[in-house]
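Before any comments, here is the structure.
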2 protein chains.
Amino acid sequence: MKGGKEAERTKPAPALRERAGTARPRMADVARIAGVSTATVSRALRQPELVSPQVRSKIDAAVEHLSYRPNLMAGALASARSKTIGVIIPSMINAFFSVTLEAIEEGLAGAGYQLLIGNSHYELESEERLIASMLAWSPAALVVTGCRHSRGAMRALLDTDVPIVEMWELTDNPIDTAIGFSQRDIGVAVARHFKERGAKRLGFVGAMHQRDYRADARRAGFFETAQSIGYEPPAEVQLPGLPTSVRGAKAFAELMAEHSDVDAVLCTNDVVALGALFEAQRLGWSVPDRLKICGVGDVDFAAACEPRLSTVSLPRRAIGLKIAEVLRERIAGRLPTGGVHDLGFELVRRGST
Amino acid sequence: MKGGKEAERTKPAPALRERAGTARPRMADVARIAGVSTATVSRALRQPELVSPQVRSKIDAAVEHLSYRPNLMAGALASARSKTIGVIIPSMINAFFSVTLEAIEEGLAGAGYQLLIGNSHYELESEERLIASMLAWSPAALVVTGCRHSRGAMRALLDTDVPIVEMWELTDNPIDTAIGFSQRDIGVAVARHFKERGAKRLGFVGAMHQRDYRADARRAGFFETAQSIGYEPPAEVQLPGLPTSVRGAKAFAELMAEHSDVDAVLCTNDVVALGALFEAQRLGWSVPDRLKICGVGDVDFAAACEPRLSTVSLPRRAIGLKIAEVLRERIAGRLPTGGVHDLGFELVRRGST
DNA sequence: CAAGTTAATGTAACCGCTATCATCATCGGT
DNA sequence: ACCGATGATGATAGCGGTTACATTAACTTG
């Protein structure tokens, strides 16, 4: 309340406008003007087919006239369900999840749903907290990333009757619905691809070994398959912290310094692979002749770089669209039970291998 | 209700668990167990200092015992304010906004706020719709991208007493608080930088001319400054659709095909610049000797590529942190009025210029 | 020690909408 | 003409908190 030079502000401080503005119209106002009860207005808004056309149009007119917007919190409280979709992702920066998020939004925002977004930072405890606070909003559905959860999180997810979707991974035992692809099989596919291309010695650049267990599943698939098809265990470097191109370049340089016989490297994702590609260029390893590099993700620049980056295309967008589809069905009451949807992935063979 | 093979599902369909589970505890339950009134419980939870230590600990114990979680919707309805921050961004995929989002989240999620996120797809009408639906949640604050809004959006923003933050841009006339930097000055700075480096003829690769008016402001600064310091108007290509590396490469190739005298190109962002860089490599234009390339954004790979990309570092994270800071003050009731915060940008001179 | 504060708690009226149940025409069938 | 359906609408009790106001106890202060 330092008052004083308010005048220049475009928008007066709350206190000043308190008495000025007319309050937001309530449903009761609409009802009064339309000459019906609030119950009818409520019906007209959510299940128009239950209201006669004449009454409906009177109500529409009143809504229009007052520019009435329902108070969502009141509705949510009364119906014990909010027009909200909770989504928990492990990182907001990772372009993978952003695309999925955007697709979910596209598929659901049109239906009037709001996305409530939480960032777990790849931490299970953090996820547990987020799940708890999101469930406190009684969302229409909750989408979590991955199928691995803390005990508390698991309990909360099983205990609620909010539809749950686990994404970006598969499991034999979904809480409700799982939509994703096999992370492990990616590693398998790349190992075989390297074999096909005649690589003699494999390498791997990973990141966040301990925290991103999905990336770890890819690694496991790669290592196991490598051995089963006759390679010795791949040479490996792990990035400290989040995967970035700069770190990728550095880690790649270390890997090659220690294991100069490596002639095919799988990078945990395309950003890291890009760093490796540039570093290879600087160090004079010719790609793909002397050295093959493969990424994961098929992000935009993978098709633009030189040589073009071989990578694994993930169904980032398809996951989001499928989630929206399933959720629409689920919320509408059809499709009472969940299931597992494997959306697959695709190895994209380009110039770098 | 197709019933039948439910047995294998981990989580029974809603209908089945209806009568089973005990209902979630309500505040009244906590009050009863602690032997106080709900008013006291409410106080203990939101303003603990108003409750005596003894009572407080009894309440804490009851909360713990029941593992009570307040129903946020009820609280929001009663107090006409929800622990929610609405954020509207023009694109979820753009890494710039993701970083800002993450910073906002870091700064506020700890305080128990949930982020409600909307994607305007660079459309003002879409933004207007989102503003309306977000305000229906009575968020604790609303963050929008940019200072340009449709008439309806403007009215809604001025009309509400929810604190508003406009980000990623500056204005003389903020609705409430603006936190960002001058987009126009970026174009100015790069034009001067090219001059400094001895460029003779400038080029520009843009995108979404019509929709992304912030990018357009950068362009305007670049063009005007170019002319005022003695260049002829820069040669220009506009990408069709969203800026990607692939399109950037293509557009760059076109630009150079038509204007082979160009020796310094500003790309609307780093992703596009990366595409251009690769294309230059393919076409045999040596960077930076024959051709200089500058991006905008300073995304991770800009420091990793070869040559390293000169670019403009934007305060992506700082914007988010500042927003969180201002909002915390604002919501706490201190700092009743808004203001404009210029967080600046930095021209990062690297190998590509 | 009476009167005025201050601190701690209780009472109860909302917040604005949803959903259940009751009401009341209207209508086809017999 | 009577009766049970059927359809449209109204009355109203919550949903689960918050908060203004009332109440009571403890504490100053002259």
Side-chain angles (χ1 to χ4, degrees), chain A residues 18 22-59 62-63 66-84 112 133 135-140 161 333, chain B residues 18 22-59 62-63 66-84 112 133 135-140 161 333:
Chain A
E18 219 56 296
T22 61
R24 264 182 57 180
R26 299 178 315 273
M27 187 178 277
D29 301 322
V30 176
R32 191 160 22 73
I33 292 192
V36 296
S37 70
T38 60
T40 303
V41 176
S42 179
R43 264 180 229 116
L45 261 31
R46 20 191 32 247
Q47 308 176 74
E49 68 280 7
L50 294 185
V51 175
S52 70
Q54 308 88 297
V55 173
R56 206 188 307 158
S57 69
K58 268 194 297 186
I59 292 176
V63 166
L66 294 172
S67 47
Y68 166 74
R69 313 262 337 176
N71 180 319
L72 299 182
M73 291 172 307
L77 175 59
S79 66
R81 192 100 306 168
S82 74
K83 278 219 147 194
T84 276
S133 38
L135 287 179
W137 281 106
S138 302
D161 56 351
Chain B
E18 219 57 296
T22 61
R24 266 182 55 180
R26 298 179 316 273
M27 186 177 276
D29 301 323
V30 176
R32 189 159 23 74
I33 292 190
V36 296
S37 71
T38 61
T40 303
V41 175
S42 179
R43 266 182 227 114
L45 261 31
R46 23 193 28 249
Q47 308 176 75
E49 69 279 8
L50 294 184
V51 175
S52 70
Q54 308 89 295
V55 172
R56 208 188 306 159
S57 69
K58 267 194 296 186
I59 291 176
V63 166
L66 294 172
S67 47
Y68 166 74
R69 313 261 339 175
N71 180 320
L72 300 182
M73 291 171 309
L77 175 60
S79 66
R81 192 101 307 166
S82 74
K83 278 218 148 196
T84 274
S133 37
L135 287 179
W137 282 106
S138 302
D161 56 350

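In what follows, chains are A, B, ... by sequence order, proteins preceding strands, each numbered from 1.
Considering only side-chain atoms of B:Ala39, the nucleotide from D:dG10, D:dG16, C:dA12 that sits closest is C:dA12. Out of C:dT9, D:dT19, D:dC15, the shortest distance to the side chain of B:Val55 is found at C:dT9. Out of D:dG10, C:dA12, C:dG16, the shortest distance to the side chain of A:Ala74 is found at C:dG16. Distance from the side chain of A:Val51 is smallest for D:dT9 among the nucleotides D:dT9, D:dG14, D:dG17.
The side chain of A:Arg24 contributes no N or O atom lying less than 4.0 Å from OP1 or OP2 of C:dG16. Of the side-chain N and O atoms in A:Ser42, one or more sit less than 4.0 angstrom from OP1 or OP2 of C:dT18. Listed pair A:Tyr68 / C:dC17 meets the phosphate criterion, a side-chain N or O lying under 4.0 Å from OP1 or OP2. The side chain of B:Ser52 contributes an N or O atom lying less than 4.0 Å from OP1 or OP2 of C:dT9. For the pair B:Thr40 and C:dG10, the criterion of a side-chain N or O lying under 4.0 Å from OP1 or OP2 is met.
Computed from coordinates, the A:Arg56 CZ to D:dG7 P distance equals 15 Å when rounded to whole Å. In this entry the distance linking CG of B:Leu72 with P of D:dG16 reads 13 Å, nearest Å. What separates CE of B:Met73 from P of C:dC17 is a distance of 15 Å, to the nearest Å. For the pair B:Asn71 CG and D:dG16 C1', the computed distance is 6 Å after rounding to whole Å. The nearest whole Å value for the distance from the CE atom in A:Met27 to the P atom in C:dA19 is 11 Å. Atom CD1 of A:Ile59 is separated from atom P of C:dC17 by 13 Å (rounded to the nearest Å). Rounded to an integer number of Å, the gap from A:Leu66 CG to C:dC17 P is 11 Å. If you take CG of B:Leu50 and P of C:dA8, they are 8 Å apart, rounded to a whole angstrom.
Here CZ of A:Arg32 is found 8.5 Å from CG of A:Leu66. Values are rounded to the nearest 0.5 Å. Remark: A:Asp29 CG to A:Arg24 CZ distance equals 11.5 Å, nearest 0.5 Å. Remark: B:Tyr68 OH to B:Ile33 CD1 distance equals 12.5 Å, nearest 0.5 Å.
Mapping B:Gly75 and B:Arg43 onto DNA chain D via the closest heavy atom, the residue that lands nearer the 5' end is B:Gly75. Between B:Leu77 and B:Thr38, the residue whose closest nucleotide on DNA chain C is further toward the 5' end is B:Thr38.
Nucleic acid contact class of B:Ser37 (heavy atoms, under 4.0 Å, all strands): base. Here A:Val41 lies out of heavy-atom contact (under 4.0 Å) with every strand.
Looking at every heavy atom in both residues, B:Ala136 comes nearest to A:Pro70 through CB-O, 3.9 Å.
Fit an axis to the five pairs at each end of the helix from C:dC1-D:dG30 to C:dT30-D:dA1 and the two axes sit 30° apart, to the nearest 10 degrees.
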